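As the structure is a computational prediction, the values presented were derived from the model and not from experiment. Labels below follow one simple rule: chain letters A, B, ... track the order of the sequence lines, proteins then strands, and each chain is numbered from 1. Computed from heavy atoms alone, side chains included, the values below leave out hydrogens, waters and symmetry copies.
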There are 4 protein chains.
Amino acid sequence: MGVKERKALEKQIRRNQILDAARSLLFSSGIDSISISKIANQAELGVGTIYFYYKNKEEIFIALQKEGVELLYSMILQIVKKDINHEEKLSRIAFCYYRFSEEQKNYFDIINYFLSSPTIYFEPDLKNKIDMSGHKILRIIRDIVADGVQQNVLNEQDPQKFSIMFWGTLHGLLQFKKLEKTVLENESHEKLFNYSVQKLISSIK
Amino acid sequence: MGVKERKALEKQIRRNQILDAARSLLFSSGIDSISISKIANQAELGVGTIYFYYKNKEEIFIALQKEGVELLYSMILQIVKKDINHEEKLSRIAFCYYRFSEEQKNYFDIINYFLSSPTIYFEPDLKNKIDMSGHKILRIIRDIVADGVQQNVLNEQDPQKFSIMFWGTLHGLLQFKKLEKTVLENESHEKLFNYSVQKLISSIK
Amino acid sequence: MGVKERKALEKQIRRNQILDAARSLLFSSGIDSISISKIANQAELGVGTIYFYYKNKEEIFIALQKEGVELLYSMILQIVKKDINHEEKLSRIAFCYYRFSEEQKNYFDIINYFLSSPTIYFEPDLKNKIDMSGHKILRIIRDIVADGVQQNVLNEQDPQKFSIMFWGTLHGLLQFKKLEKTVLENESHEKLFNYSVQKLISSIK
Amino acid sequence: MGVKERKALEKQIRRNQILDAARSLLFSSGIDSISISKIANQAELGVGTIYFYYKNKEEIFIALQKEGVELLYSMILQIVKKDINHEEKLSRIAFCYYRFSEEQKNYFDIINYFLSSPTIYFEPDLKNKIDMSGHKILRIIRDIVADGVQQNVLNEQDPQKFSIMFWGTLHGLLQFKKLEKTVLENESHEKLFNYSVQKLISSIK
DNA sequence: CATGAATGAGCATTCATTCAT
DNA sequence: TATGAATGAATGCTCATTCAT
């Protein structure tokens, strides 16, 4: 291993060390309580050091978000591998996201943070990092649908658009969770989610 | 007009004056830059005075959000009154929300802010205030669908659930706007929205 | 009853109404959370009205303190009336103060507040108001001692000085309560108090 | 001197610089007027810098208090070293405290502040810091008494309790200073103090 | 590479008091 | 008498970022 490679490796190790600290804070106290100095403290590094490895706080958040998306992606991957029909796959993917929003609330929050904050605009290169991750999930859905269409068990002219609509619907509904007791008039949020998923799937049968 | 009434009126005027200031800040610099002292400054009032009229910052935000929802509501109401068929109504309502998210971006942001922030939690009575507004929109959609079903031009067993799914889909998709260039692989966001709305409406034909 | 008298009576009633509110706040949330506007709110009066009946916040505190001292005084009076010997009386008075510091902690705190705050200096006429109350307690002790001396069961040349020392000792020791676990090395605070009272009484036998 | 040592030294210097500022404010305007921003101003540092060296305002007060106690301790230590008898030592210690309360009024106030405020509650580790200081004074008194007992010139079964009572009496009486003109009926506060000290000492002869 | 000291604007909120009506 | 609107200084504290060493 050359010097360059070792350096690069060490750099990656440090980056992970910092991310570990940030994640630990995210999970112990939520997104709002993450500050650079707390991360530095947790990582047993100097504040300045953090800035050597990450341009700013946002970049750390991005990395964390990516982690979350990857986790979700891996969960979804488990489903795809299963020997079940297309509809079942879509249905399970949907509920996988539902579970994710509950069981991995902190990751869900951070994903949400970037999606809904009006002020945060990604710089092009950061953008790409997220692409790789978020993308893959949509592609899975699209591929399932496309495959179903090809096998004549599903009927949809534009699997790409459908996958985005599918995901958008899930995402939108998950945000309504906190309205359960008020605007939703005590509709069970889970049943609502279930209803919507069935509706979506039915629409491409 | 009695003294009491005049006082009450003046109080309302002041409350509006403060809201004007907050709204003006919201529109000029976005939600993240609103602080009480800036509001006070803008309204040409003392900081303490703000607290005389609003319990805290949240209450101001709530009022602002309510304004936004009411505005959206009134826009939707225009559509409902029109002499067009059920499908057309739903379609136009959807695009009304789309337009709202663009033309009234600041109001859309503030609604979003409350919906997606993991930390903000409404006190019960504040919650109710929003209920009244957000509720009404869902009810409109539900009523259109229910009416369509009754007239045998639409087919849906649970108009209530559908209305929430309908809105959730729109809301979720609008959040994807900023992913247009990346995750969405240059799908036109508007076309995507259009596609989804058609899909939704088709599903209850 | 003349107009003047009725006016004076009404004024007194209002003053009490305000004091009731202040006391209620004192007891529900402690001395630090008393503010004029809270008092006004509690008393269902305007803020300005409070200032009509009391010069300032301090004057209200003074009145509250007076109440506390009077309560303590009345408790002590019960003891004096009893048919017990001089020593027993002194001992019981001491424990009466001990109990008072625990059971009427809020009153004790407010008395303490005025006694230990370095900044608060009473204006002459306010001073007098407190005199009347605090005084009486010292006089009781002095009289017991003086009486004991006269009856040849106690031996003390200066009952006046002794009564002040007596009270000062009690007061000083009560302040040490919060040091129980640290500086006092786990000496039981109560036993310590007991020891001191016995020592004081022994010294004038 | 290594880098680490120099850094540590510099850190200590800064901490002192901040403490100097706080003490200067304490002496010029009293304890109630000390605020972090005033300290920062006086020390010619940014507000944030203060928080870099001290966790919070309380920690600064604690440091100040510790200073005061240490000063008092050193004054008392002078007395102990003298070649005078046990009674004389106790008597002089008492007057040392009296003098301290007058000549070092600000330090006395700060000690008092922590002892009598109902709301301030020390965090355990801060508590310990004070322990070390306050403790030592009580131990001196206890040792003098214990020594006197052993040499058969004093008579007291529990020197530990006595030392606390001794100190409590002094402390309580010092708080009565401001009552000199009213409740104390023009008893000279100093004579009163003198009387009490003699009484205390007599009680263990 | 790594550090950590320094910054100072910024935050939400409280408060005793005044005064025109 | 009684009101309550208005004040604005003051509070303790946080934070992302910089930069000299």
Practice task
Look at the side chain of D:Asp109 and the backbone N and O of D:Asn112, then say whether any donor-acceptor pair between them is shorter than 3.5 Å.
Solution key: no

Practice task
Would you mind reading off the distance between C:Glu44 atom CD and F:dT1 atom C1', rounded to a whole angstrom?
Solution key: 18 Å

Exercise for the section: For D:Glu10, enumerate each residue passing the side chain to side chain contact (heavy atoms under 4.5 Å, CB included) test, keeping only those at least two apart in sequence or located in another chain. Expected result: D:Arg6

Fill in the blank from the handout: Rounded to whole Å, CD of D:Glu59 lies from P of F:dC13 at a distance of 11 Å

Practice task
Could you tell me whether C:Lys11 contacts a base, only the sugar-phosphate backbone, or nothing, with contacts defined as non-hydrogen atoms closer than 4.0 Å?
Solution key: nothing

Handout entry: D:Glu10 CD to E:dT3 P, straight-line distance once rounded to whole Å
Key = 18 Å

Problem - Whole angstrom value for the distance that separates P of E:dA9 from CG of B:Asn41 - result: 15 Å

Got a list of side-chain donor-acceptor pairs under 3.5 Å for residues 36-48 of chain D, not counting sequence neighbours?
unit_1  : atom_1 : unit_2  : atom_2 : d
D:Lys38 : NZ     : D:Ser33 : O      : 3.1
D:Gln42 : NE2    : D:Ser24 : OG     : 3.1

Handout entry: Residues forming a salt bridge (charged side-chain N to carboxylate O under 4.0 Å, His left out) with B:Arg14, sequence neighbours excluded
Key = none

Practice task
Round to the nearest Å and state the distance from C:Tyr53 atom OH to F:dG4 atom P.
Solution key: 14 Å

Completion exercise
Whole-Å distance, D:Phe61 CZ to F:dT11 P, equals 11 Å

Exercise for the section: Give the minimum heavy-atom separation between D:Gly68 and D:Ile111, together with the two atoms involved. Expected result: C-CD1, 4.4 Å

Problem - Footprint string (nucleotides 12-21 of chain E, 5' to 3'): B base within contact, S backbone only, - free, heavy atoms under 4.0 Å - result: SBB-SBB---

Fill in the blank from the handout: Atom CD1 of D:Ile50 and atom C1' of F:dT14 are separated, to the nearest Å, by 15 Å

Practice task
Would you list the pairs meeting ring-ring contact (aromatic ring centres under 6.0 Å, His included) in which at least one residue belongs to residues 33-56 of chain A, sequence neighbours left out?
Solution key: none

Problem - N or O in side chain of A:Arg14 less than 4.0 angstrom from E:dA2 OP1/OP2 - result: yes

Exercise for the section: With sequence neighbours left out, write down each residue that passes side-chain hydrogen bond (donor to acceptor under 3.5 Å, both in side chains) with D:Glu67, or none if nothing qualifies. Expected result: D:Arg23, D:Tyr107

Problem - D:Leu26: partners by side chain to side chain contact (heavy atoms under 4.5 Å, CB included), with sequence neighbours left out - result: D:Ile31, D:Ile34, D:Leu64, D:Asn106, D:Ile110

Handout entry: Gap between atom CZ of D:Phe27 and atom NZ of D:Lys105 - 0.5 Å precision
Key = 11.0 Å

Fill in the blank from the handout: Output row for DNA chain F, stems defined as at least 3 consecutive Watson-Crick or G-U pairs under 3.5 Å, is E:2-21 with F:2-21

Practice task
Would you kindly give the CD1-to-P distance between D:Ile39 and E:dT7, to the nearest whole Å?
Solution key: 15 Å

